[in-house]
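Worksheet: one structure, shown below.
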Amino acid sequence: MLRRSLPGGLRLSVRVERRPEVTPRYSIIVSLGMLLFAFLASGIIFQFLGFSALHIYRSFFTTLLSPIMLEEVFRRSAPIILAAIGLCYSYRMGFWNIGAEGQLYMGMIAATGVIVLHSAGYGPGEQLLLPAVVAASMMAGGAWGLIPAVLKVRFGANEIITTLMLNYTAILLADFLVHGAWKDPAGYGFAQTVQFPAAAKISIPGVPDAVAYLAIALAATVLTFLVFKYTVFGFESKIVGLNIYASRYAGLSISSILVRGVLISGALAGLAGLIVVSGLIGRLRPGASPGYGYHAIIASMLGGLYPPAVFFSSILFGMLVTGGDLLQAGLQMPKSGVEIIMAMIFLATIVAEFVKRHRLTIVVGRGEGVA
Amino acid sequence: MSEDLLASPGPAPTLTPKVEMRGIVKRFPGVVANDRVDFTIYAGEIHALLGENGAGKTTLMNILYGIYTPDAGVIRVRGVPVRLRSPRDAIRLGIGMVHQDFRLIEAHTVVENVFLNYDGLGFIPKWSALESRLEEIASNYGWRLNPRARVGDLSPGEKQQVELLKLLVRGADILLLDEPTSVLTPIETKVLFKTMRRMAEEGKSIVLITHKLSEAMSVSDRVTVMRRGRIVLSKPTREATIEELSAAMVGGQLIGNAGLEERPTYPAVDAPTLQVSGLSVMGDEGVLAVRDADLTVNRGEIVGIAGVSGNGQIELVEAIAGLRKPVRGKIMLNGLDVTGASPRRLMELGLTYIPPEGKKWGIVPELSIYENVALRVARYKPYSRMGVINWRKVAEVAGKVVSEFRVDTSSIKSRAGSLSGGNVQRLILGRELTTSKPSLLVAAYPTKGLDIAASEQVRRILSRLRSEGVGVLVLSEDLDEILELSDRIVVMYGGRVVGVVRRGEATPELLGIMMSRGVAASASA
Ligand SMILES: Nc1ncnc2c1ncn2[C@@H]1O[C@H](COP(=O)(O)OP(=O)(O)OP(=O)(O)O)[C@@H](O)[C@H]1O
Ligand SMILES: [Mg+2]
């Protein structure tokens with residue numbers, strides 16, 4: 001509650017009241033409003049930095065919506081969607097997994113490992129190569145998620161810390177391998193692995209890669225939507241996040257639900273890693289992910305953990321990531337300009353959560369109210 | 001001003017209204033919780049507010065406390081029209097409320113809880129000064145409350161005193177107490193009433209919400225009855241009768257006390273469904289809360305647990321329900337050793353448990369009513385098959401729960417958190433008893449917060465289950481209820497079972513002595 005006296009005996013007060021009910025429609029309106037606000041606020045910052053916000057946004061969107069760039073946007077959105085959808089499983093259980101980036105890296109590492117073996121003449125043959133990299137990346141991502149889940153269930157370790165630490169571990173592991181044992185001997189000394197052969201790439205004959213990736217991401221979204229809505233596991237995972245006492249009382253197997261949920265999160269992040277390494281880049285190299293796992297965190301929050309909304313908010317982040325390169329190339333603005341927008345969206349998301357749950361009323365009156 | 005008015009003895013309730021609520025309307029989706037309510041509180045009076053579950057009592061008090069804003073109506077405090085936008089506004093006007101559920105931080109001390117969020121604290125609080133201030137207030141009301149005690153260690157009666165202290169140090173002189181006696185033992189209730197009387201003598205005004213008519217009759221100066229959001233009766237207590245009040249509450253037709261079913265012959269003693277032996281259970285404080293307890297519940301028998309709260313009863317039933325791991329001892333359910341079994345396994349073996357704090361353990365307030373029913377049944381057939389939930393089936397049974405247990409709601413899609421206190425309890429009871437076929441029912445405070453008719457219904461259900469051969473273990477603060485229901489009464493003191501008394505041998509006096517002194521009665525079986 002805030003109260004200010006205005007000149008002339010007028011009184012301005014802002015009332016904050018908890019809202020009894022939050023309708024989905026209201027929730028969407030608030031989110032969109034806050035999104036708009038984030039772009040406005042970023043625009044003001046750009047203006048202060050000496051760039052024309054209007055110009056930036058106009059060229060940003062006209063360029064991104066051109067067919068060629070749109071394909072790039074979709075390609076880059078796919079891993080963000082997969083990781084963000086995965087995170088929905090963790091977050092709805094109240095497991096604050098910020099380790100999608102690490103899980104994604106582990107997916108990349110495992111898939112690359114299969115390719116390195118294959119190119120050395122071991123491992124699966126051509127026909128089995130795709131199933132092998134899919135399985136390897138999902139299992140590795142899942143396993144990387146399993147560690148903090150088990151640490152939490154067994155020892156009560158705080159998952160925010162463990163998942164964050166495991167991010168660095170995975171990124172450093174990738175660096176270590178790429179600079180060392182897995183370095184492509186024919187790569188002119190560049191720190192990168194051999195290229196993924198065509199047989200290890202996800203593709204649907206006759207359609208652009210971007211569509212294929214997006215189709216996979218869409219499938220994961222729809223499946224997750226159904227899991228949340230219609231399955232016992234989806235329902236019980238929501239209960240675990242909402243009321244741990246009631247979960248215990250109702251006889252839910254909390255540990256098992258937690259472990260399963262985080263496992264799925266990790267597996268989807270791992271699959272995202274496969275798309276990055278086999279599709280977007282074609283090989284593993286340092287910094288292969290520009291932070292897709294972190295973008296996914298904001299995207300899943302912005303989408304309110306509701307899969308269809310998360311799908312679209314992830315595409316927005318795909319646009320921002322693609323647009324970052326654009327800023328640099330076309331507008332002589334540092335790539336980090338988009339990070340301003342991302343950070344603003346993140347802040348706006350947090351504010352939106354508060355706004356959704358509370359009712360704000362501004363009253364200007366003359367001396368009324370309590371003395 | 002005439003002489004004799006000045007000399008009039010004591011601060012008899014004067015006729016200056018302290019609070020006037022006029023034409024208050026509050027609508028929630030699907031219901032009118034308060035429908036043009038007029039409510040007046042005079043200085044120095046204890047005002048009992050009665051009504052069935054969902055009548056709108058809590059809503060009215062929440063409005064006066066600034067939690068809700070009314071859709072229409074005016075509020076005058078000491079003659080001045082006010083607009084209350086938050087509890088802060090209310091407190092500034094001397095209005096304080098104690099909610100149905102305590103809002104205290106268990107890990108903190110009494111003094112920390114009381115002065116949390118207190119305005120005149122300064123940058124570095126002078127704790128010793130604050131403590132002595134609390135001691136002063138406490139001694140004024142004859143409480144024995146250590147300001148440095150951890151709130152988690154206090155009994156419900158003492159927690160209530162902490163809640164009252166929070167209001168008193170902020171200068172509240174209009175106190176709104178929402179079902180304060182529902183968690184208190186008869187002795188604690190007596191202490192509270194003495195406090196209330198003293199406060200009234202000091203000129204403070206108190207609103208007491210209760211479902212117990214006898215309490216309203218004995219302690220209040222004025223009584224108001226609400227029904228379906230409206231005021232249906234308001235008069236000085238000495239002009240009211242119990243019959244009149246209960247008729248007003250239910251809307252004309254008197255509820256005849258249907259009485260419990262005829263008791264069949266005393267059940268076969270050798271058919272135990274629950275056998276607890278040598279059980280020791282750790283409390284939250286790291287000391288044994290239950291020590292070496294033995295307890296048997298036979299099929300077709302109701303066993304009551306009596307005891308002053310904080311003597312290990314809750315820990316005992318939680319251990320039986322699988323929510324606490326025993327340190328020592330054995331629990332047998334239908335001949336099977338279930339010591340340390342999970343709540344789920346116990347449930348599947350035929351145990352049904354009604355938890356003590358419904359809002360914390362029993363429901364998820366954010367979810368709808370039917371989802372709260374699913375909470376318990378989703379993983380079983382026919383509510384789900386191969387992991388896929390059949391929401392239609394869930395909705396069907398939720399509809400049944402709502403209609404059979406008369407959960408007052410506009411739809412099964414309403415949020416469970418929007419139910420009134422008593423209706424939350426009905427939902428939990430309804431869900432547990434509709435969706436399970438127990439061989440052992442463990443019920444902690446099953447009638448807490450229920451109105452007269454609903455309490456009666458629950459007692460009837462318990463005794464029907466008994467005659468169907470279910471073993472029932474009831475924990476209640478209400479000695480009359482325990483005496484009415486139980487075939488045998490187990491008395492706990494200091495974590496131990498200090499005696500078992502049979503129906504017929506038990507009297508309130510005997511139990512009272514055993515509960516307060518821990519003396520094993522000679523009549524123990
Ligand atoms: N926040 C809310 N949102 C929607 N409906 C509500 C809300 N609070 C109360 N209600 C509804 O308003 C009506 C009155 O509720 P209230 O809590 O005032 O009843 P009560 O008289 O205190 O009952 P009880 O004795 O059970 O505590 C009920 O139908 C309840 O479902
Ligand atoms: Mg109430």
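Just so it is clear, the model here is predicted, and its values are computed rather than measured. Protein chains get the first letters and strands the later ones, always in sequence-line order, with residue 1 at the start of each.
Interface residue B/Trp391: only side-chain heavy atoms are found under 4.5 Å from chain A. In this structure, the portion of A/Lys238 lying under 4.5 Å from any heavy atom of chain B is its side chain and not its backbone. In this structure, the portions of B/Ala374 lying under 4.5 Å from any heavy atom of chain A include both its backbone and its side chain. Contacts of A/Ser247 with chain B are absent, with no heavy-atom separation under 4.5 Å from either backbone or side chain. Residue B/Ile354 touches chain A through its backbone alone, counting heavy-atom pairs closer than 4.5 Å. B/Glu318 does not touch chain A: none of its heavy atoms, backbone or side chain, sits under 4.5 Å away. Residue contact with chain A, scored on non-hydrogen atoms closer than 4.5 Å, is absent for B/Ser342. Neither the backbone nor the side chain of B/Tyr383 has a heavy atom closer than 4.5 Å to any heavy atom of chain A. Proximity to chain A (any heavy atom under 4.5 Å) is restricted, for B/Arg431, to the side chain, taken from C-beta onward.
Surrounding OH of A/Tyr245 are at most 12 heavy atoms belonging to other residues, nucleotides or ligands under 6.0 Å away. With a 6.0 Å radius and a threshold of 12 heavy atoms from other residues, nucleotides or ligands, B/Arg27 has its CZ atom at or below the threshold. Counted within 6.0 Å of NZ on A/Lys229, heavy atoms from surrounding residues, nucleotides or ligands total 12 or fewer; the atom is thus considered open. No more than 12 heavy atoms of other residues, nucleotides or ligands lie within 6.0 Å of CZ in A/Phe312, so this atom counts as exposed by the packing criterion.
Here B/Glu371 is the residue among B/Glu366, B/Glu371, B/Arg345 with the most heavy-atom pairs under 4.5 Å with chain A. Contact count against chain A (heavy-atom pairs under 4.5 Å) is highest for B/Leu375 among B/Val388, B/Leu375, B/Leu346, B/Asn390.
Closest non-hydrogen pair, A/Arg248 versus B/Trp361, comes out as NH1-CH2, 3.9 Å. Closest heavy-atom contact between B/Pro343 and A/Gly251: CB-CA, 4.2 Å.
You'll find the side chain of B/Leu367 reaches within 4.5 Å of the side chain of A/Leu242, heavy atoms only. At a threshold of 4.5 Å between non-hydrogen side-chain atoms, the residues B/Arg344 and A/Leu252 do not count as touching.
Counting only distance, with no hydrogens or angles, the side chain of B/Tyr353 and the backbone of A/Tyr249 share no donor-acceptor pair below 3.5 Å. When atom types are taken as modelled, the side chain of A/Asn243 and the backbone of B/Lys360 share a donor-acceptor pair closer than 3.5 angstrom.
Taking the ring centre of A/Phe233 as origin, the terminal cationic atom of B/Arg379 falls outside the region bounded by 6.0 Å and 45° from the ring axis.
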(request) Step by step, work out the side chain to side chain contact (heavy atoms under 4.5 Å, CB included) result for A/Ile239 and B/Val364. (result) CA-CA 7 Å; A/Ile239 307 291; B/Val364 183; 4.2 Å; yes
